[in-house]
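Reviewing the structure listed below.
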Amino acid sequence: MEAVRLIVATRHALAQAREVRDIVVEAWQAQALAEAIGSHLALHGPFEARAAALGLSEAGARASGALRQTALRSGVLRAAQLAEVRDPWAVLTDLGELLGEVGIALVGVAGACEEDAVYWQCIEAIDAADETSDRIGGLLRRLALRTRGGAA
């Protein structure tokens, strides 16, 4: 499946999530998607952006690993369906927006939860989404430099 479609599906699922567990599952799905997109671009993307894409993949892997404990019972991993990234710029922009939405949803959960363990898990997930977003920003800068022919 194309990356934009997976991002749209995850965005929709996040918007529909009402329970804490469901929001955490969608945060995990978004991070797993960042890992998969980063891996795909590290293998198939522009040469100049491959190292940055690998960094995105690693950040997504760390974050999805931390969230995986809560989300294991969620079933299907959308990121496993990734087959292509047609427009890296659009995909990375959409993924960055999705991670922003994930962060906002997790802030809401953290502010409303009464369990310390869930609160701290949300805080860690917010930090992870922020780190992954930073990696996306770096990758977008690399792509912009490539488009402009390497001029800064």
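Because the structure is predicted, anything quoted here is derived from the model rather than measured.
- Other residues, nucleotides and ligands contribute more than 12 heavy atoms inside 6.0 Å of the NE2 atom of H44.
- Counting all heavy atoms, side chain and backbone alike, A59 lies closest to R135 at CB-CG, 3.8 Å.
- The pair E26-R78 meets the salt-bridge criterion, since a charged nitrogen lies less than 4.0 angstrom from a carboxylate oxygen.
- Considering only heavy atoms from C-beta on, L92 comes within 4.5 Å of L56 through its side chain.
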Determine, step by step, whether L145 and E48 satisfy the side-chain contact (heavy atoms from CB on, under 4.5 Å) criterion, reporting the C-alpha distance in whole Å, the side-chain angles of both residues, the deciding distance to 0.1 Å, and the verdict. CA-CA 9 Å; L145 281 173; E48 303 86 355; over 6 Å; no
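- Judged by distance alone, the side chain of E19 and the main-chain N or O of R21 form no donor-acceptor pair under 3.5 Å.
- Considering only heavy atoms from C-beta on, R50 stays 4.5 Å or farther from L41 through its side chain.
- For residues 108-119, no pair satisfies side-chain hydrogen bond (donor to acceptor under 3.5 Å, both in side chains), with sequence neighbours left out.
- Electrostatic pairing of E131 and R62 counts as a salt bridge here, judged by a charged N lying under 4.0 Å from a carboxylate O.
- Closest approach of I23 to A17, counting heavy atoms only: CG1-CB, 3.7 Å.
- Pairs engaging residues 86-99 under the side-chain hydrogen bond (donor to acceptor under 3.5 Å, both in side chains) rule: E84-R86 [sequence neighbours left out].
- Between the CG atom of L43 and the CG atom of L54 there is a distance of 9.0 Å, given to the nearest 0.5 Å.
- By the 4.5 Å heavy-atom criterion applied to side chains, I7 and I37 are counted as neighbours.
- Between L139 atom CG and I136 atom CD1 the span is 8.0 Å, to the nearest 0.5 Å.
- To the nearest 0.5 Å, atom CZ of residue R5 and atom CG of residue L82 are 12.0 Å apart.
- Nearest heavy-atom pair, S133 versus L99, reported as atom, atom and distance to 0.1 Å: OG-CB, 3.5 Å.
- The two residues T10 and A30 come nearest to each other via the heavy atoms CG2-N, 4.1 Å.
- For the residue pair E35 and G60, the shortest heavy atom distance occurs at CB-C, 3.9 Å.
- Here the side chains of E2 and V91 are in contact, with some heavy-atom distance below 4.5 Å.
- Between L14 atom CG and Q29 atom CD the span is 11.0 Å, to the nearest 0.5 Å.
- A donor-acceptor pair is defined here as one N or O able to donate and one able to accept, closer than 3.5 Å; no such pair exists between the side chain of S57 and the backbone of G38.
- When all heavy atoms are compared, the tightest approach of L143 to A49 is CD2-CB, 4.0 Å.
- Going from atom SG of C122 over to atom CG of L106 covers 5.0 Å, rounded to the nearest 0.5 Å.
- With rounding to the nearest 0.5 Å, the separation of CG in L33 from OG1 in T132 is 11.0 Å.
- V24 and I104 sit in two unconnected hydrophobic clusters of ILVMFWY residues. Membership requires side-chain heavy atoms under 4.5 Å apart, directly or through other members.
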